[in-house]
Amino acid sequence: MSFIPVEEQLAIIRRGVEKIVPENELATKLAKSRETNTPLRVKYGIDPTGIDVHLGHTVPLRKIRQFQELGHQAVIIIGNYTALVGDPSGRDQARAKRLTAEEVEANAVDYLNQVGKVIDLSKAEVHRNGDWFGLMSFSEILQLCGKVTIAQLLTRDDFAKRMTAETPIFLHECLYPIMQAWDSVVIKSDIELGGTEQLYSFMLARDLQADQKLPQQIGVMSPILVGLDGVRRMGKSLGNYIGISETPYDMMKKFMQVPDTVMRMYFELLTDISLTEIDALLAGHPKVAKISLGKMVIGQYHSLSDAEAAANRWQMEVGEGALPTEIPIVKVSSSKLTDGAIQAARLLVDAGLCPTTSDARRAIAQGGAYYGDAKTRIETHDQALSIVGGLLLFVGKKKFCRIEIGD
RNA sequence: GGGGGAAUUCCAGAGUGGCCAAAUGGGCCAGACUGUAAAUCUGGUGGCUCUGCCUUCGCAGGUUCGAAUCCUGCUUCCCCCA
């Protein structure tokens with residue numbers, strides 16, 4: 001395997017990367033790797049705490065794939081032990097729930113399946129950090145802890161914030177960055193990928209590597225991908241994410257909801273097109289650009305034709321107000337009908353479109369409820385609706401169903 | 001071990017005896033506008049057999065004609081000192 005020139009590698013690596021520390025060492029490492037024909041070991045750690053891999057995760061994962069394509073060695077760390085602590089990064093509270101070892105392992109397997117959609121797992125090394133942490137004796141742990149001072153830990157941004165805010169920091173959380181850094185020592189990483197919030201751990205890893213007389217890793221940090229709200233980071237708990245296992249159409253709908261302002265970031269971090277092409281797209285109509293964005297990303301996880309179809313369907317159903325192609329059918333018992341009809345508010349609840357009668361009344365009172373293929377507005381909550389073969393019901397733009405009579 | 005503070009409707013956060021289903025902001029929902037973006041405007045945001053009724057302000061009791069507000073006990077959480 002021969003490597004392409006350092007400058008070319010750098011250009012690829014720098015794309016969509018917020019910070020490389022220390023920047024100047026990267027070229028040196030790449031040059032040395034090229035001279036000696038030795039792939040760099042590129043580390044990425046994930047804690048198997050959840051199961052849905054979303055686009056936010058794919059940012060560093062895509063970067064790994066780029067490294068793989070450049071001929072370097074991907075090293076994935078499954079943080080089955082760090083997961084027992086919970087990453088304190090970006091959290092102002094300690095994680096409420098602690099996972100059991102079994103849950104963590106099940107998640108890990110699931111995670112790898114999904115990660116395999118982005119990177120080439122057949123060429124990657126996969127380690128579980130429990131493989132080494134599980135074997136450590138208490139005295140070894142003490143020795144490890146002896147390398148870091150509390151003052152150093154407190155310089156970490158999120159700990160500092162929590163100190164100021166007078167929220168608790170638990171002792172085991174302090175171990176998190178140390179564990180993460182130790183992973184780098186064990187697997188002898190040359191480069192570690194992650195979000196910008198990982199800076200502290202990345203630097204700590206350098207210290208520990210130096211302490212062990214190992215070459216020091218370089219941190220390559222991606223910006224945090226913001227979620228659908230365009231403000232907060234994409235995350236499961238915030239419900240503002242696009243999962244890579246979602247259907248093409250669901251993904252498309254979500255892409256179209258994204259604020260215009262984040263399109264550039266999405267293009268840069270989630271697609272491979274050149275910066276010039278991005279500028280060209282953004283110069284055109286934002287809606288067109290957004291559709292292209294959606295298609296490009298969806299195409300990475302589904303077929304291009306599926307992506308195309310999803311875009312067309314969106315245009316039809318949302319852009320042109322056509323009836324949805326997939327309408328869930330809800331059966332309503334005939335025993336609830338009086339002369340083949342039923343009160344509107346009650347029907348909305350029975351159909352599952354509204355959680356409570358009060359909610360249904362509200363929807364109707366505000367003109368957000370419709371019925372029939374022509375989407376006639378329901379006027380009053382006690383309006384009697386005759387149920388004939390497959391009556392359509394809508395509440396707002398997003399909730400709808402077709403009613404069938406059943407017993 | 002000692003001292004102090006706090007628990008309110010999705011979140012933050014007012015409310016210290018009746019005018020409280022509970023201010024305000026955020027979020028969310030619906031409507032208008034639109035490119036189902038943003039911005040803006042309007043309305044809504046405990047439940048119900050809905051001009052009224054019922055259940056809510058950590059839990060359990062109590063005082064009062066009347067309690068989110070007062071008292072007692074309990075639980076949980078935070079901070080400080082050691």
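Residue numbering restarts at 1 for every chain, and letters A, B, ... go by the order of the sequence lines. Hydrogens, waters and symmetry mates play no part in the numbers below; they use all other heavy atoms, side chains included.
- When distances are taken from the side chain of A/Lys287 to each of B/U45, B/C48, B/G35, the shortest belongs to B/G35.
- Annotation: side-chain hydrogen bond (donor to acceptor under 3.5 Å, both in side chains) contacts of A/Asp279 (sequence neighbours excluded): A/Arg264.
- Using bins of under 30°, 30° to 60° and over 60° for the plane-to-plane angle, the ring pair A/Tyr370/A/Phe394 lands in the perpendicular bin.
- Taking atom P on both B/C70 and B/U8, the two are 15 Å apart, rounded to the nearest angstrom.
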Polar atom pairs (N or O), protein with nucleotides 23-29 of chain B, under 3.5 Å:
none

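- When the salt bridge (Lys or Arg N to Asp or Glu O under 4.0 Å) test is applied to A/Asp131, no partner is found at least two apart in sequence or on another chain.
- Across the strands present, B/G1 finds its partner in B/C81; the criterion is a Watson-Crick or G-U wobble pair with both atom distances under 3.5 angstrom.
- Residue contacts shown for A/Pro286 include a base, since a base heavy atom lies under 4.0 Å away.
- At the heavy-atom level, A/Tyr370 lies under 4.0 Å from the strands shown only through sugar-phosphate atoms.
- Taking for each of A/Ala363 and A/Lys290 the nucleotide of RNA chain B with the nearest heavy atom, the 5'-most of the two is the partner of A/Ala363.
- As the counterpart of B/U75, B/A7 is assigned, both hydrogen-bonding distances of the Watson-Crick or G-U wobble pattern falling under 3.5 Å.
- Of the candidates B/A37, B/G47, B/G31, B/G47 carries the atom nearest the A/Arg362 side chain, counting heavy atoms from C-beta on.
- A/Val262 meets the side chain to side chain contact (heavy atoms under 4.5 Å, CB included) test with A/Val226, A/Val258, A/Pro259, A/Tyr266; sequence neighbours excluded.
- Looking at residues 338-356 of chain A, you'll see A/Arg346, A/Thr356 sit with a heavy atom under 4.0 Å from some atom of RNA chain B.
- The shortest distance between side-chain heavy atoms of A/Glu140 and A/Leu144 does not fall below 4.5 Å.
- Not counting sequence neighbours, the partners of A/Lys123 by the side chain to side chain contact (heavy atoms under 4.5 Å, CB included) test are A/Gln68, A/Asp120.
- Shown here are the side chain to side chain contact (heavy atoms under 4.5 Å, CB included) partners of A/Ala205, two or more places apart in sequence or in another chain: A/Ala181, A/Ser184, A/Gln217.
- Base pairing of B/A32: its partner is B/U40, meeting the Watson-Crick or G-U wobble criterion (both donor-acceptor distances under 3.5 Å).
- Considering only residues two or more places apart in sequence or on other chains, A/Gln383 meets the side chain to side chain contact (heavy atoms under 4.5 Å, CB included) condition with A/Ala344, A/Tyr371, A/Ile378, A/Glu379, A/Thr380, A/Leu385.
- Contact annotation: A/Thr357 reaches the phosphate of B/U49 (side-chain N/O to OP1 or OP2, under 4.0 Å).
- Every residue was checked against the side-chain hydrogen bond (donor to acceptor under 3.5 Å, both in side chains) condition with A/Arg402, not counting sequence neighbours, and none meets it.
- B/U16 makes up no base pair with any nucleotide shown, lacking Watson-Crick or G-U wobble contacts both under 3.5 Å.
- The side chain of A/Ser358 contributes an N or O atom lying less than 4.0 Å from OP1 or OP2 of B/C48.
- Between B/U16 and B/A23, the two P atoms lie 14 Å apart (nearest whole Å).
- The separation between A/Asp382 atom CG and B/C48 atom P is 16 Å, rounded to whole Å.
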Tabulated below should be each protein N or O lying under 3.5 Å from an N or O of nucleotides 53-56 of chain B; please produce it.
none

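- Every residue meeting the salt bridge (Lys or Arg N to Asp or Glu O under 4.0 Å) condition with A/Arg362, not counting sequence neighbours, appears here in chain and number order: A/Asp359.
- Around the NZ atom of A/Lys375, the shell of radius 6.0 Å holds more than 12 heavy atoms that belong to other residues, nucleotides or ligands.
- Remark: B/C70 base-pairs with B/G62; criterion is Watson-Crick or G-U wobble with both hydrogen-bond distances under 3.5 Å.
- With sequence neighbours excluded, the residues that form a side-chain hydrogen bond (donor to acceptor under 3.5 Å, both in side chains) with A/Lys290 are A/Asp260.
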